[in-house]
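Just so it is clear: chains get the letters A, B, ... in the order the sequence lines come, proteins before strands, and each one is counted from 1. Being a predicted model, the structure only gives us computed values, none of them experimental.
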Protein chains: 2
Amino acid sequence: MMFLRSPLSRKARIEITGGPGKNYSLDFMGTVDFKQWTSESVAADLERAIHEHRLPPATKLGEDELGDAYGISRTTVRAALHALSHRRLVELKRNRGAFVAQPSVREAREVFEARSLLEPRTARSAAERMTDADLASLRANIEDEHAALDAREDGRALFLSGQFHVEIARIADQTTIEAFVSELISRSSLIIALYWRRRAALCETQAHHALLDAFDQRDGDAAEQLMKSHLLDLVASLDLRNVAQPATSLREALQK
Amino acid sequence: MMFLRSPLSRKARIEITGGPGKNYSLDFMGTVDFKQWTSESVAADLERAIHEHRLPPATKLGEDELGDAYGISRTTVRAALHALSHRRLVELKRNRGAFVAQPSVREAREVFEARSLLEPRTARSAAERMTDADLASLRANIEDEHAALDAREDGRALFLSGQFHVEIARIADQTTIEAFVSELISRSSLIIALYWRRRAALCETQAHHALLDAFDQRDGDAAEQLMKSHLLDLVASLDLRNVAQPATSLREALQK
DNA sequence: GTGCTCAATATTGTATACAATGAAGTCGAA
DNA sequence: TTCGACTTCATTGTATACAATATTGAGCAC
């Protein structure tokens with residue numbers, strides 16, 4: 001979560017004259033823009049934090065707490081949490097609050113089933129419409145991911161890895177599918193947080209490189225096939241045996 | 001929109017004694033349950049109204065107006081409108097309000113592209129998992145649609161026609177895909193409102209009958225193919241030439 | 001008559017106050 | 001000690017008040 005204020009829309013008139021001593025003093029008069037958080041930007045900020053595993057599954061997202069953190073009222077926080085709940089990244093429990101979602105094994109399977117229906121054929125479309133600028137964008141993404149891995153910023157690497165998939169949908173010029181894929185990618189990040197088998201290996205950049213080659217050659221068939229097997233590999237790397245969930249509370253376990 | 005209050009959770013203590021004249025009078029004392037609208041139920045109510053074309057595209061959905069209609073505050077109405085905007089059924093314009101969405105020609109194509117990726121293979125899965133109870137449910141749906149058509153309730157027929165598709169996703173036991181399909185179906189209703197070519201003919205029940213037969217025989221191949229061509233037929237029945245939109249306001253047309 | 005500025009109005013955006021709910025802790029009796 | 005009812009507390013759900021913004025219309029200059 002970032003609490004810095006950066007320019008957006010709100011202006012504050014500031015006048016400072018003189019200073020407390022010889023070490024520093026300043027004369028300033030003018031307007032300073034600072035960021036005004038909106039429900040959308042808060043939701044985006046939280047989504048990224050969830051995606052990067054800075055907010056792990058089951059984390060309580062108290063309205064007051066978040067309001068204080070962002071310097072806004074509960075009203076705006078609530079809108080953001082509701083937005084995230086529509087994307088199934090946050091679970092709202094009536095009168096109990098918002099929590100980072102904990103996808104079940106079943107939901108995990110469903111998410112990858114949906115991805116397997118959407119992404120391979122979208123990759124094909126993307127390959128057919130690929131411009132050089134698009135290729136450069138995908139290449140930059142992979143490089144950023146490598147850089148993040150080298151810097152031990154695993155969360156950031158995971159986020160970028162997801163953006164690769166979203167970018168493909170964008171290139172395919174299908175904003176509706178892109179929105180679905182974007183949601184599925186974020187949910188996949190939660191699934192990875194819960195069910196990832198071999199923690200160390202984020203080494204799926206191999207698959208992304210192979211896809212890049214297919215895109216480079218505008219080979220739709222190859223892109224579709226590569227995406228298909230990439231998704232199968234991802235599922236295979238998860239431990240989706242139906243072991244009993246940690247079960248945060250007995251109450252929840254029973255009311256299902 | 002229903003403004004009646006039906007039982008849910010809230011109780012009101014009412015005491016009425018006597019009446020205005022000889023024609024009627026009553027003595028009553030006790031508690032009466034009446035429906036307490038929640039943002040979810042309001043959203044569902046509005047979604048159905050949109051789906052049934054009782055609220056056509058571009059209709060202004062004023063917060064005060066809706067609040068008065070449902071007998072609730074703007075807070076709850078706002079949450080409902082935000083929920084619908086996440087499903088792209090309502091467009092929120094900052095400081096200007098909420099309007100029933102008007103999907104563009106491009107968005108129309110995208111919605112059916114997404115459906116063509118999701119629904120055929122979901123129909124196949126459904127065929128493979130189909131139980132007799134599921135079949136009966138689909139049959140009942142088709143019958144209801146016929147009844148609605150006979151009763152000249154076109155909106156209701158359209159809604160039921162959409163539910164047929166959602167029901168298939170439910171039978172396929174894929175709640176994630178079901179949620180996407182549900183959204184796409186509702187958006188399709190808006191698309192039909194805007195681009196339907198031959199107004200009279202809601203005669204697509206043919207296709208649904210054919211699908212039912214395939215399901216009856218548990219023929220996944222046939223179901224997938226039939227769904228595929230059904231969706232193609234639907235797109236073909238739309239007029240998606242890039243004619244200039246009615247353009248509600250010049251302002252909007254220009255800021256795109 | 002045309003086009004501009006500016007005030008009035010209506011509507012949304014945000015914060016806050018209060019009500020309702022659920023969880024946890026306390027006390028007492030068996 | 002254990003179980004139960006009751007009280008207390010923390011947190012969310014809803015309504016309302018106020019601030020911010022966009023649109024509309026009036027008035028005025030040209």
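As a whole-Å value, the separation of Lys93(B) NZ from dT11(C) C1' is 14 Å. Summarising the geometry, the separation between NZ on Lys60(A) and P on dA23(C) is reported as 11 Å, rounded to the nearest angstrom. Remark: P of dA15(C) and CG of Leu66(A) are 14 Å apart, rounded to the nearest angstrom. What separates CZ of Arg78(A) from C1' of dA15(D) is a distance of 12 Å, to the nearest Å. Leu81(B) places its CG atom 15 Å from the P atom of dT11(C), with the value rounded to the nearest Å. At whole-Å resolution of the value, CG in Leu61(B) and C1' in dT11(C) are 14 Å apart. Regarding Glu91(A), its CD atom lies at a distance of 15 Å from the P atom of dT12(D), rounded to whole Å. Put simply, CD on Glu65(B) is 12 Å from C1' on dT11(C), counting in whole angstrom units.
For the 3.5 Å distance criterion, the side chains of Glu113(B) and Thr176(A) fail to qualify, holding no donor opposite an acceptor. With 3.5 Å as the limit, one finds no donor-acceptor pair spanning the side chains of Arg87(A) and Ser186(A). Between the side chains of Thr122(B) and Gln174(B), no donor-acceptor pair of N or O atoms lies under 3.5 Å.
When heavy atoms are screened at a 4.0 angstrom cut-off, Thr76(B) is found touching the sugar-phosphate backbone but no base atom. Using a 4.0 Å heavy-atom distance criterion, Arg74(B) is classed as a base contact. Residue Arg94(A) is in sugar-phosphate contact alone, with no base atom involved, counting any heavy-atom pair closer than 4.0 Å across all strands shown.
Ring geometry, His86(B) versus His86(A): the interplanar angle falls from 30° to 60°, so the pair is classed tilted.
The nucleotide whose nearest atom lies closest to any side-chain atom of Asn95(A) is, among dT21(D), dT16(C), dT12(D), dT12(D).
Contact check on Glu183(B) versus Arg88(B) returns no salt bridge, with no Lys/Arg side-chain nitrogen under 4.0 Å from an Asp/Glu carboxylate oxygen.
If Thr75(B) and Glu63(B) are placed on DNA chain C by their nearest nucleotide, the residue sitting closer to the 5' end is Glu63(B).
Not one side-chain nitrogen or oxygen of Arg96(B) sits closer than 4.0 Å to the OP1 or OP2 atom of dT11(C).
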